[in-house]
J.: 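Please read through the structure below; I'll follow up with questions.
Naming: A, B, ... by sequence-line order, numbering from 1 per chain. Since this is a predicted model, take the numbers as computed values, not measurements.
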Number of protein chains: 2
Amino acid sequence: MSADRAARALRDQVAEGALSCGTRLPEERLSASLGVSRNTLREALSQLVAERILVRAPHRGVVVATPGADDVRDVYRVRLLVEPGVCRDTTAHSTGGLAAVRAAVTEGRAAAAAEDWPGVAGANQHFHRGLVALAGSPRLDAQMELLLAEMRLFFQRMGAPEPFHRPYLEENAAIANLLEEGRGDDAADRLTSYLRAAEHQLVEAITALDGSGPRRS
Amino acid sequence: MSADRAARALRDQVAEGALSCGTRLPEERLSASLGVSRNTLREALSQLVAERILVRAPHRGVVVATPGADDVRDVYRVRLLVEPGVCRDTTAHSTGGLAAVRAAVTEGRAAAAAEDWPGVAGANQHFHRGLVALAGSPRLDAQMELLLAEMRLFFQRMGAPEPFHRPYLEENAAIANLLEEGRGDDAADRLTSYLRAAEHQLVEAITALDGSGPRRS
DNA sequence: TGGACAAAGTTGTTGAACAATCCCTACGGT
DNA sequence: ACCGTAGGGATTGTTCAACAACTTTGTCCA
């Protein structure tokens, strides 16, 4: 479908920072630049609004969402519920799934060695995506995909400090080890404190920004 | 928005059984019957496809989804992860949220006393919606809403036996009691076995149907 | 300064049009 | 009678043009 391609293009542009938080997306101009009709573009925009990447104000157009501290807390509330839960249910962990998690760890280390910080961020996302994929649930995968897209928005908003993901690489490795040893509960506990720390860091960064910038509107 | 109204109308029709599993939804006729243009209807259809209530086959149109046993198992995999998890986190349970859960219990009992089985089914959904709402997470609420819409499809498909929800009323009451006493872990355990039993029952019913009926296509 | 008012621009929605694709049927060969 | 195939009809995917409803901007007047 053409609308899906447009939606993906916009999603990527937001993730890469080509469209920063709060920028308006006029339908006429955007449809021309993406080479689709306005109707098709509208379908793509609706999709991204449903994904919380864009926000629509009736008769006022859509803008790139400007997530606040509340949004960070809510995303982490879900992640704290889902990700450790998946770790604990070791019966579902296939060797293929664990291999994918392991691959994300080595990918992250390679990227860090090359000082490729976007690569580290990507590897980190692959790690968490792989973690959730251990459950083998398409619906959970889809939900996680949404959350990760929002996470990219968070990083985009706070300027994505280069070595932000650095300290989590070793945590990822430790969790992968625990999972491979079948110690799902230990992995879950470690992941929980790790996520809480990351949440705190993000909330701090975003509340600092919220002092000068407006909210989601 | 007009598309949202059309989507809601279709969602309701599916939940009520006016549109049964597998029925095709031709755009021209449907847009006329809903009083919206074909473009607007398409937006609504895309929305429902994203919610897994409808299935789109490229160039062949959209049909009401015909969920199989795999879908039941996957929905319950998510529910088994989310709902007990919410019960365990007693720190988030507000008295208002607990009151909503309690209200769903009494609503179910009243409906059962009146032998209003659709009412019992609705109360049961309110119970689980209220349960998840205890977490106070908009994103989790939205996810649960999707799952409950799919559950309605399941019931629709298996013919919705009248006293199906009956035995769960007392379970709901017991879980509400445990939550009000702050015994979140006990509530979670009880809910887990309850959900597992319901899943088993649904899988059985649907595999029986799958013998003669086709799959999701 | 403050507020009513008109103008301009954008969105929400419609209707018609056309190519691409799929389904069904009728046809012809064996 | 059976099977493959071409054609016709119907439906979808997508575009274009138009218009009403609404928001915002800028102007004018008190």
J.: Starting at CG of B/Leu25 and ending at P of D/dT12, how long is that distance when rounded to a whole Å?
T.: 9 Å

J.: How are the rings of A/Tyr168 and A/Tyr194 set to each other: parallel, tilted or perpendicular (split at 30° and 60°)?
T.: parallel

J.: Counting only side-chain N and O atoms of A/Arg42, is one of them less than 4.0 Å from OP1 or OP2 of C/dG12?
T.: yes

J.: Would you kindly give the CD-to-C1' distance between B/Glu28 and C/dC18, to the nearest whole Å?
T.: 14 Å

J.: So if I take every side-chain heavy atom of B/His59 and compare against C/dT14, C/dT10, D/dT12, which nucleotide ends up nearest?
T.: D/dT12

J.: At less than 4.0 Å, is any side-chain N or O atom of A/Arg38 found next to OP1 or OP2 of D/dT15? Yes or no.
T.: no

J.: I want to check one thing: is the phosphate of D/dT15, taken as OP1 and OP2, less than 4.0 Å away from some side-chain N or O of A/Thr40?
T.: yes

J.: Given atom CG of A/Asn39 and atom P of C/dA17, what is their separation to the nearest angstrom?
T.: 16 Å

J.: What heavy-atom pair brings A/Gln156 and A/Ala15 nearest, and what distance separates the two atoms?
T.: CG-O, 4.2 Å

J.: A side-chain contact here means heavy atoms from C-beta on lying under 4.5 Å apart; do B/Ser46 and B/Arg56 qualify?
T.: yes

J.: Just the rounded figure in Å: distance from P of D/dT11 to CZ of B/Arg29.
T.: 6 Å

J.: Can you tell me which nucleotide in C/dG12, D/dG13, C/dG15 comes closest to the side chain of A/Arg56?
T.: C/dG12

J.: Starting the side chain at C-beta, find the nucleotide from D/dT11, D/dC16, D/dG13 nearest to B/Glu27.
T.: D/dG13

J.: Could you tell me how far apart A/Leu41 (CG) and C/dG12 (P) are, to the nearest whole angstrom?
T.: 11 Å

J.: Could you check which of D/dG13, D/dT14, C/dT11 has an atom nearest any side-chain atom of A/Met1?
T.: D/dT14

J.: Does B/Arg24 or A/Val36 map to a spot on DNA chain D nearer the 5' end, using the closest nucleotide for each?
T.: B/Arg24

J.: At what distance, to the nearest 0.5 angstrom, does OG1 of A/Thr66 lie from CG of A/Leu153?
T.: 8.0 Å

J.: Looking at B/Glu199 and B/Arg79, does any basic side-chain N land under 4.0 Å from a carboxylate oxygen?
T.: no

J.: Checking contacts here: which listed nucleotide (C/dT13, D/dT15, D/dT23) is nearest the side-chain heavy atoms of A/Arg60?
T.: D/dT23

